[in-house]
Amino acid sequence: MRARYPSSASGLTFKSLLTVLAVSLLGLGHATANSAPEKTAATALAPAYGIIPRPVSLTPKEGQFTLTRDTALVISDEKIRPAATLFRDLITPATGYILPVTTEAPAGPAIRLSLTKGGDNPEAYQLSVSPTQVSITASGTAGLFYGLQSLRQLLPVEIDSPAVINHTPWTIPAVEIDDAPLYAYRGLHLDVSRSFFDVAFIKRYIDFIALHKMNRFHWHLTDNQGWRMEIKKYPKLTEIGATRPETVIGHTINRDPHYDGAPVTGYYTQDQIREVVAYAAAREITIVPEIDIPGHASAMLAAYPEIGCVAKDFKVKTRFGVFLDNVCPTEEAFAFLDNIFAEMVELFPGPVLHIGGDEILFDQWQDCAPCTEIIKRENLEDYHGLQSYFIKRVEKLVQKHGKQMAGWNEILDGGINPSAIIYSWTGTQAGIEAAQAGHDVIMAPSRHIYFDQYESLNLDEPQSIHSITPLHEVYHYDPMPAELTPEQQKHILGAQGHIWTEYLRSPRRVEYALFPRLSALSEITWTPKDQQSWPDYLTRLDRYFQRLDLMGINASHATYKVYGEPVVTGRTLSLTLKVEGHDHAIRYTLDGSKPTARSPLYTGPLTLDQKVTVRAVGQNITTGALYGDYRQSFEPHKAMGRKITFASAPIVGENAHPQATLIDGLRATDRIFQLAEWSQWYDTDLEAVIDLEKMTAVSEVRLGVEAGQYRRLHPPKSISVMTSADNKTWRTVAQLNEAKIRASGPTVSLPFPAQKARYIKIIATKNDKVLSAQYEKMVPVSIFIDEIIVQ
Ligand code: ACM
Ligand code: ZN
């Protein structure tokens with residue numbers, strides 16, 4: 001995977017990152033709440049019919065079917081027995097019933113499952129429930145399996161209880177459903193390299209995919225931080241590559257990094273992989289296995305350094321990010337990969353091998369004589385050409401083993417055959433271009449469907465990676481780019497959600513990241529657009545959350561947390577508070593205390609012109625439960641709205657303006673760190689002049705320098721403040737050295753004797769370079785400032 005953070009370490013990474021993050025205007029709050037049109041066309045389903053993903057067509061009927069211990073599962077064909085048996089076993093814990101699965105038609109009420117001859121989509125199904133019979137018909141076992149998933153969701157939510165429930169009648173409301181998916185590829189990915197998850201959890205994860213009628217599991221088996229698949233010919237891949245001695249604590253590019261001293265070790269044996277493949281197949285899920293090459297390969301190179309380009313003591317990485325280590329494009333390395341593929345195709349019956357191909361740094365290729373020779377021999381233009389040569393050679397191997405190659409969108413760089421499937425992760429543009437060039441495409445844009453990103457900026461969120469992807473953002477993402485012609489649109493096979501596990505170190509954290517965003521993804525990949533409805537989906541979430549609770553799933557309730565839309569005019573803040581979830585009110589305080597059920601009820605925008613910290617929570621109006629910890633600090637000051645000029649301009653988020661982030665009165669220190677809310681100087685000092693427009697009484701400057709939560713930024717080395725009446729003659733009025741800055745906390749104060757001045761100059765100097773773990777060289781450290789406060 002990806003660096004996806006800006007690094008204090010490289011201007012280059014930072015630049016590409018900005019395109020990836022696509023940060024919101026000022027980065028203050030929701031990336032999308034205003035921008036996406038609401039999906040409201042479809043009418044609401046009554047709660048009892050609240051299936052996710054919403055079926056194509058659902059017609060409620062009179063009456064209900066009651067499932068008893070005598071209800072038989074009648075199958076038309078032995079091919080259906082596995083699906084019927086899975087359903088029987090699924091409902092046994094809650095009902096205590098072991099329903100008979102039979103080919104004999106019984107006299108009484110029954111659930112009939114039949115394979116029909118007609119129909120060209122094996123994933124389509126019809127489900128009909130009357131008071132005397134349930135019937136599911138489909139032309140393929142997949143359709144029957146999905147029909148049973150719908151039936152499961154029509155039963156009372158208690159059906160998903162792990163223990164017998166005696167007081168619930170197992171009724172199913174009468175209905176006619178005619179259903180089929182919008183996209184053929186509905187995927188979910190899991191990174192098992194950064195964190196390792198045992199087979200029991202992998203099976204649970206597959207159950208999650210199956211519940212949502214999704215059909216691909218992209219298993220990211222290798223990366224810099226661990227190789228997780230047994231390869232018999234190369235035992236050191238797991239003897240050496242499956243263990244790292246420790247892991248960085250906190251954000252990987254924090255200042256003064258600490259390590260936990262706890263080894264992470266684990267891999268899947270080939271027998272375990274076969275077991276998982278069979279488990280997935282029984283749930284109509286195909287596994288797309290990935291080994292990530294030529295970059296993201298440190299674990300592999302630690303085991304077999306001879307396939308690298310440079311003589312080096314390669315190590316399984318203990319931090320996260322993009323690293324220099326690369327597999328070399330030599331014949332020896334291709335033979336090595338050939339042998340790995342030979343074992344993989346014996347394990348994974350699916351048609352596709354994913355070979356990664358993302359985020360390649362060329363340094364090691366540039367340092368290697370064979371690479372220079374290959375470039376010359378093959379008449380390649382540059383290192384992008386060499387990358388293209390590498391990927392094309394790999395594709396030949398994959399094809400030799402009878403599979404189709406897939407890769408992340410970087411494999412387009414330098415040219416690649418249209419036979420390769422492209423996973424468009426850096427955004428949607430690569431997917432659009434790939435489809436235009438004739439590639440099949442899986443849409444995977446990080447902004448919309450990377451579920452490892454924060455779901456809200458509330459301070460009670462556990463640490464996640466980088467940016468924010470609220471539920472709303474997922475639901476309103478449309479995998480089909482409008483730019484494509486109907487012919488090109490056929491290349492968009494579907495979409496996939498992602499769980500990268502740098503900061504998701506346990507099953508419970510994975511569940512928190514996944515739910516409920518997975519359900520939104522399932523709906524946008526299954527349900528026709530005219531049946532997608534955000535308000536209706538939100539009402540269906542209530543029952544969905546109850547079901548997740550019963551399944552022991554640690555779901556996030558971020559959708560019930562508050563987000564804010566601050567607008568500053570002059571020295572006044574107008575703060576609109578919102579909550580996505582339906583039936584939720586907002587309680588807030590202005591004195592910095594934690595809101596309770598008795599705090600004031602929010603009824604409309606707050607107008608504030610004094611220093612204040614607004615705190616707010618969402619409240620379920622039925623249960624009274626409170627959610628979240630939203631904060632927005634505001635401090636009116638004398639530089640607000642004035643002109644600011646720089647000796648060298650800071651890097652700011654897309655759409656943002658330094659004026660807006662630095663002197664808008666809004667503080668970013670009291671929320672989850674988002675790059676977009678900060679101004680950054682990467683390889684220059686900060687030197688800014690603020691024109692107060694007239695002689696003004698001033699006595700203090702303060703700077704926000706520390707993120708406050710989950711990020712430890714490098715503060716400046718020294719700060720000085722100067723005043724002037726004419727922008728020519730300057731007087732230094734305050735100075736702080738590094739020790740004092742470090743001791744000050746998130747906001748550094750520089751008081752000075754009260755005086756009148758028209759111009760204020762702030763100089764903050766950079767700290768010393770640090771050794772970058774990724775780039776293995778000394779790199780500058782950035783200065784980050786969220787606000788310059790003048791009083
Ligand atoms: C990725 O996130 N680098 C595919
Ligand atoms: Zn600000």
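For ligands, and for the atoms within them, numbers begin at 1 and follow the listed sequence.
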* Any side-chain donor-acceptor pair under 3.5 Å between Thr238 and Glu230? -> no
* **Within 45° cone and under 6.0 Å: Lys403 NZ/CZ vs Phe341 ring** => no
* ligand 1 versus Glu359: contacting region, heavy-atom distance under 4.0 Å -> side chain
* Under the side chain to side chain contact (heavy atoms under 4.5 Å, CB included) test, residues paired with Thr247 that sit two or more places apart -> Arg244, Asp260, Val264, Phe320, Arg505
* Between the side chains of His472 and Glu580, is a donor N or O closer than 3.5 angstrom to an acceptor N or O? -> no
* **Any N/O pair Tyr450/ligand 1 closer than 3.5 Å** => yes
* **Contact check: Asp358 vs ligand 1, nitrogen or oxygen atoms, below 3.5 angstrom** => yes
